[in-house]
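Data block below; observations after.
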Amino acid sequence: SLKKLSASLVDFGDISHKCVELLTDFKDGVYVPSDVALKLREKYCEVLIDEYQDTNNLQEHILNMISGSGKRFMVGDIKQSIYKFRNSKPELFLKKYNNYSKDAGKTDRCLLLSKNFRSFENILGFVNFTFEKLMCRDCGGLDYTEAEKLNFSGIYPESENPVEIVLFDKLKDTGDRTADEATKLGLESEYCANKIRTMVDEGFQVFDGDSMRPCRYSDFTILLRKRKNMSVFKTKLDSYHIPSYIEMSDDYMGQPLIKLILSLFKIIDNPQQDIELAAVLRSELFGFTDDELVDIRLTDKDADFYTCLTKYKSKKAERFFEKLDRWRRLSKILSVYELINTVFDEMMMYTVYAEDSKILRSFSDWGKRYTQSSFKGLFRFITYLQKQLEEKEDMGTANVNTGDSVTVMTIHKSKGLENNIIILAETAGEFRLSESKSRFVYDDELGIAADYVDTVNSIKYKSLPKIAIEQKIKDDFIAEE
């Protein structure tokens, strides 16, 4: 916080807390609306909140301060609660859902919007069947009864195409019952590419406007859990000569080209990084073959790869060192943005990677924004981007695929969008229920708990409160899944 303050920076969390400070006064032991909040209450006749199931406690407090009673219209669906990792509290939605009256004329009234105009009847039947079996009050917050079911109200003709569930036998398909994630993704991406190719070639019919027509590539969307795996599916689609589109607004960090560029600037900052150095040498930028990389490694088996490269004599190596030495000198005097553009120009990257020019421009834009901030230095820029690559969740709003190509995106990005044919892939992953390694755990209902430390016997083990809170966290996670 002190570093941000000294740099005159704030993040979204800071802005949210400042908003609470502006809207709230603390009087007689309770929080009450401030004068600013009361003026806003007078200004707004109604406060409309969409995706209410994803509201967190802080947002709920802000809404309470500016809306008062009887002014809020909240829309949500507990089945679509997928932002627990951002501290959303679906319990806020459920409490109102269960307590508000279903009768007309009541101030706190619950309206059931059960009519669905978007989907074919067979899709809704599948959704209702699935949730009826899985969702209950103990796991999900409510029983999936007739009142919660989605009712078909669209204008689509009756579809003869059932929802397909595809099961892979790992032992049969891979010969290994314990196949790793990469192998399983390979099976799924192969199936998806082949299925799309077959449906397009056979002229599978989709509803468009008021009539049926043969499907196009742009009718297909592949949904994944993890953005880092989108490139696997794109590569497989490319091998089938199927055009594809990957959303790039927030998640371009996961693209192979971005990883390569990041490796390039990592070795400009510090060339003694074996994996990054090998990736850059093997790329189109310098064109080293696998055999040449092996020869470089064999020059000195006990040294790092950079030292081995200094002992390897070739025209390619000379060219690489000429470029690297120049860029390392420039990194001391140029801004990050200037350095990026210099490297891109000297390596003719907009020509070499012409099809991915959007990725290059996006990386350059990151450098420009970084340069305009109060932060300086290549190392800090790399650290920031590396954090984005490793930790950034895919939470942004998706762009729209305007060409005739298959869209590959994450489940989070797909909220609110429609498409004719959806392939939900990557559903076989195990729940991430590993026990917390932190000494402390927190739940806003159960409180905070820590490990118990026996100082006499020098033993540390989990306390009962910590076990209870960890179990609740697991239960909440499973409910959201």
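We're numbering straight along the sequence, starting at 1.
Distance alone, capped at 3.5 Å, places no donor-acceptor pair between the Arg319 side chain and the Phe286 backbone. Distance alone, capped at 3.5 Å, is enough to place a donor-acceptor pair between the Gln59 side chain and the Asn56 backbone.
In plain terms, the two heavy atoms of Tyr337 and Gly367 that are nearest each other are CB-O, 3.7 Å. In terms of heavy atoms, Gln53 sits closest to Gly76 at OE1-CA, 3.1 Å. The two residues Cys308 and Ala303 have their closest heavy-atom pair at SG-O, 4.0 Å. Shortest non-hydrogen contact noted between Glu292 and Gly287 is OE1-O, 4.0 Å. Closest approach of Leu324 to Pro271, counting heavy atoms only: CD2-CB, 4.0 Å. Residues Leu58 and Ser16 come closest through the heavy atom pair CD2-CB, 3.6 Å.
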task = Please report the C-alpha distance between Lys313 and Glu318 in whole Å, then the side-chain angles of each, then the deciding distance to 0.1 Å, and finally whether the salt bridge (Lys or Arg N to Asp or Glu O under 4.0 Å) criterion is met.
result = CA-CA 8 Å; Lys313 306 301 179 183; Glu318 290 178 8; over 6 Å; no
inquiry  = As a quick check of understanding, evaluate side chain to side chain contact (heavy atoms under 4.5 Å, CB included) for Ile268 and Val343, giving each step before the final call.
reply    = CA-CA 10 Å; Ile268 292 175; Val343 173; 4.1 Å; yes
message = What verdict does the side chain to side chain contact (heavy atoms under 4.5 Å, CB included) test give for Asp238 and Ser244, after you've listed the backbone C-alpha separation in whole Å, the side-chain angles of each residue and the deciding distance to 0.1 Å?
response = CA-CA 8 Å; Asp238 290 343; Ser244 59; 3.9 Å; yes
inquiry  = Between Tyr452 and Lys462, is the side chain to side chain contact (heavy atoms under 4.5 Å, CB included) condition met? List the steps.
reply    = CA-CA 6 Å; Tyr452 177 80; Lys462 292 182 180 180; over 6 Å; no
request  = Give the intermediate values and the outcome of side-chain hydrogen bond (donor to acceptor under 3.5 Å, both in side chains) for residues Tyr52 and Glu60.
outcome  = CA-CA 9 Å; Tyr52 186 63; Glu60 177 74 356; 2.8 Å; yes
message = Does Ile333 form a side chain to side chain contact (heavy atoms under 4.5 Å, CB included) with Glu338? I'd like the steps, not just the answer.
response = CA-CA 10 Å; Ile333 58 177; Glu338 291 170 329; over 6 Å; no
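Looking at Arg216 and Asp208, their side chains come closer than 4.5 Å, going by heavy atoms from C-beta outward. Side chains of Leu264 and Trp327 form a contact here, defined as non-hydrogen atoms less than 4.5 Å apart. The shortest distance between side-chain heavy atoms of Ser283 and Tyr353 falls below 4.5 Å. Side-chain contact between Ile267 and Phe320: present, with at least one pair of heavy atoms (C-beta onward) separated by less than 4.5 Å. With a 4.5 Å cut-off on side-chain heavy atoms, Pro214 and Gln205 count as touching. The shortest distance between side-chain heavy atoms of Val206 and Arg213 falls below 4.5 Å. Looking at Tyr461 and Lys466, their side chains never come closer than 4.5 Å, going by heavy atoms from C-beta outward. A heavy-atom distance below 4.5 Å is not found between the side chains of Val75 and Ile49.
Under the salt bridge (charged side-chain N to carboxylate O under 4.0 Å, His left out) criterion, Arg282 pairs with Asp290, not counting sequence neighbours.
Salt-bridge annotation for Lys236 and Glu190: present, with a side-chain N of the basic residue lying under 4.0 Å from a carboxylate O of the acidic one. Ion pairing between Lys460 and Asp454 fails under the 4.0 Å rule for side-chain N and carboxylate O. A salt bridge is defined here as a Lys NZ or Arg NE, NH1 or NH2 lying under 4.0 Å from an Asp or Glu carboxylate O, and Glu426 with Arg225 fails to meet this definition. The existence of a salt bridge linking Arg439 and Asp451 is excluded, since no basic side-chain nitrogen approaches an acidic carboxylate oxygen closer than 4.0 Å. Salt-bridge check for Glu346 with Arg326: passed, with a basic side-chain N closer than 4.0 Å to an acidic carboxylate O.
Of the options Ile242, Ile423, Asp219, a side chain to side chain contact (heavy atoms under 4.5 Å, CB included) to Val406 is made by Ile242 and by none of the others. Phe265 pairs in a side chain to side chain contact (heavy atoms under 4.5 Å, CB included) with only one of the listed residues (Leu262, Ile261, Asp269), which is Ile261.
Between Tyr156 and Phe120, the ring-plane angle classifies as parallel under the 30° and 60° cut-offs.
If you take CG on Leu309 and CG on Asp295, they are separated by 12.0 Å, rounding to the nearest 0.5 Å. Atom CD1 of Ile222 sits about 8.5 Å away from atom OG of Ser189, to the nearest 0.5 Å. With values rounded to the nearest 0.5 angstrom, Phe117 atom CZ is found 12.0 Å from Leu150 atom CG. Rounded to the nearest 0.5 Å, atoms CG (Asp404) and OH (Tyr245) are 14.5 Å apart. Summarising the geometry, atom OG belonging to Ser335 is positioned 11.0 Å from atom CG belonging to Leu330; distances are rounded to the nearest 0.5 Å. Note: Ile469 CD1 to Tyr442 OH = 9.5 Å, rounded to the nearest 0.5 Å.
Seen from the ring of Phe288, Lys316 counts as a face-on cation partner, given the 6.0 Å and 45° thresholds.
The closest side-chain donor-acceptor pair between Ser364 and Asn341 falls under 3.5 angstrom. Between the side chains of Thr307 and Asp304, a donor-acceptor pair is found at a separation under 3.5 Å.
Residues in residues 292-314 take part in these ring pair (Phe, Tyr, Trp, His ring centres under 6.0 Å) pairs, two or more places apart or across chains: Tyr306-Phe321.
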